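Worth saying up front: this structure is predicted, and the values here are computed from it rather than measured. In what follows, residues are counted from 1 in the order of the sequence shown.
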Amino acid sequence: MTESSTTASSGAASSDDEAVDAHARTELARLRGSIDNIDAAIVHMLAERFKCTQEVGRLKAEYRLPPADPNREREQIERLRSLAENARLDPAFAEKFLNFIIAEVIRHHETIARA
């Protein structure tokens, strides 16, 4: 290979790399935009969920019901694990996520009951 052909192929490779990089950057931006939209939807849905659980907490406090309901929690975990499996999401992850939410809901219910 001559020096001029080496330079030409280096220039072509550099141009190809830039095109790939530009495509990758564009695709990353598109995917990240979708992720940002999904994250926003998750936050709004969690806010709606917590509005409902706050009402449950007030009802439980009014009727002196315990903040936690282990049977309901078990049913919800089973239901969410099944939904996760059907959606091809790790059921263990879904369970951890729901347990995190349940712990926060119980904390809210305890706060409402003390008020």
Side-chain angles (χ1 to χ4, degrees):
M1 194 182 276
T2 66
E3 185 176 321
S4 61
S5 64
T6 304
T7 305
S9 45
S10 291
S14 177
S15 177
D16 288 345
D17 289 345
E18 289 172 16
V20 169
D21 289 346
H23 173 72
R25 282 191 302 274
T26 300
E27 191 63 8
L28 278 171
R30 183 187 69 76
L31 291 167
R32 287 175 174 163
S34 292
I35 290 167
D36 292 349
N37 289 336
I38 293 165
D39 287 346
I42 290 169
V43 167
H44 288 284
M45 292 183 76
L46 282 171
E48 285 301 311
R49 188 184 196 288
F50 279 107
K51 284 179 190 175
C52 291
T53 61
Q54 291 288 342
E55 289 182 39
V56 168
R58 285 189 285 278
L59 189 60
K60 284 181 172 184
E62 181 181 340
Y63 289 94
R64 300 187 192 283
L65 298 170
D69 184 344
N71 290 330
R72 167 77 174 156
E73 293 161 23
R74 228 178 347 270
E75 291 168 0
Q76 285 295 90
I77 288 168
E78 288 174 20
R79 187 176 73 79
L80 199 67
R81 285 185 67 92
S82 177
L83 289 169
E85 286 177 16
N86 291 336
R88 289 185 247 155
L89 179 67
D90 180 6
F93 169 77
E95 183 173 346
K96 287 177 192 174
F97 180 69
L98 185 60
N99 280 328
F100 177 77
I101 291 171
I102 289 170
E104 187 67 8
V105 168
I106 291 169
R107 190 180 69 76
H108 290 176
H109 290 182
E110 289 168 344
T111 300
I112 292 168
R114 284 192 301 268

For [X] and [Y], which heavy atoms make the closest approach, and how far apart are they?
| X | Y | answer |
| --- | --- | --- |
| His109 | Pro67 | ND1-O, 3.3 Å |
| Pro91 | Glu85 | CG-CG, 3.3 Å |
| Ile106 | Ala68 | CD1-CB, 3.8 Å |

Review item, side-chain donor-acceptor pairs of residues 38-51, under 3.5 Å, at least two apart:
{"unit_1": "Glu48", "atom_1": "OE2", "unit_2": "Lys51", "atom_2": "NZ", "d": "3.0"}

Using the side chain to side chain donor-acceptor pair (under 3.5 Å) criterion, which residues pair with Arg79? Sequence neighbours excluded.
Gln76
Any sub-3.5 Å donor-acceptor pair from Thr26's side-chain atoms to Ala22's backbone N or O?
yes
Kindly state each residue pair satisfying salt bridge (Lys or Arg N to Asp or Glu O under 4.0 Å) with at least one member in residues 52-69, sequence neighbours excluded.
none
Spatial distance of atom CZ (Arg32) from atom CG (Asn37) [nearest 0.5 Å]:
14.5 Å
Suppose we screen for salt bridge (charged side-chain N to carboxylate O under 4.0 Å, His left out). Which residues come up paired with Arg114, at least two apart in sequence or across chains?
none
Using distance only, find each side-chain donor-acceptor pair of residues 93-104 under 3.5 Å and give its atom names and separation, not counting sequence neighbours.
{"unit_1": "Glu95", "atom_1": "OE1", "unit_2": "Arg81", "atom_2": "NH1", "d": "2.6"}
{"unit_1": "Asn99", "atom_1": "ND2", "unit_2": "Glu95", "atom_2": "O", "d": "3.3"}
{"unit_1": "Glu104", "atom_1": "OE1", "unit_2": "Arg107", "atom_2": "NE", "d": "3.3"}
{"unit_1": "Glu104", "atom_1": "OE2", "unit_2": "Arg107", "atom_2": "NH2", "d": "2.5"}
{"unit_1": "Glu104", "atom_1": "OE2", "unit_2": "His108", "atom_2": "NE2", "d": "3.0"}

ILVMFWY cluster membership beyond Leu59 - transitive side-chain contacts under 4.5 angstrom:
Tyr63, Leu65
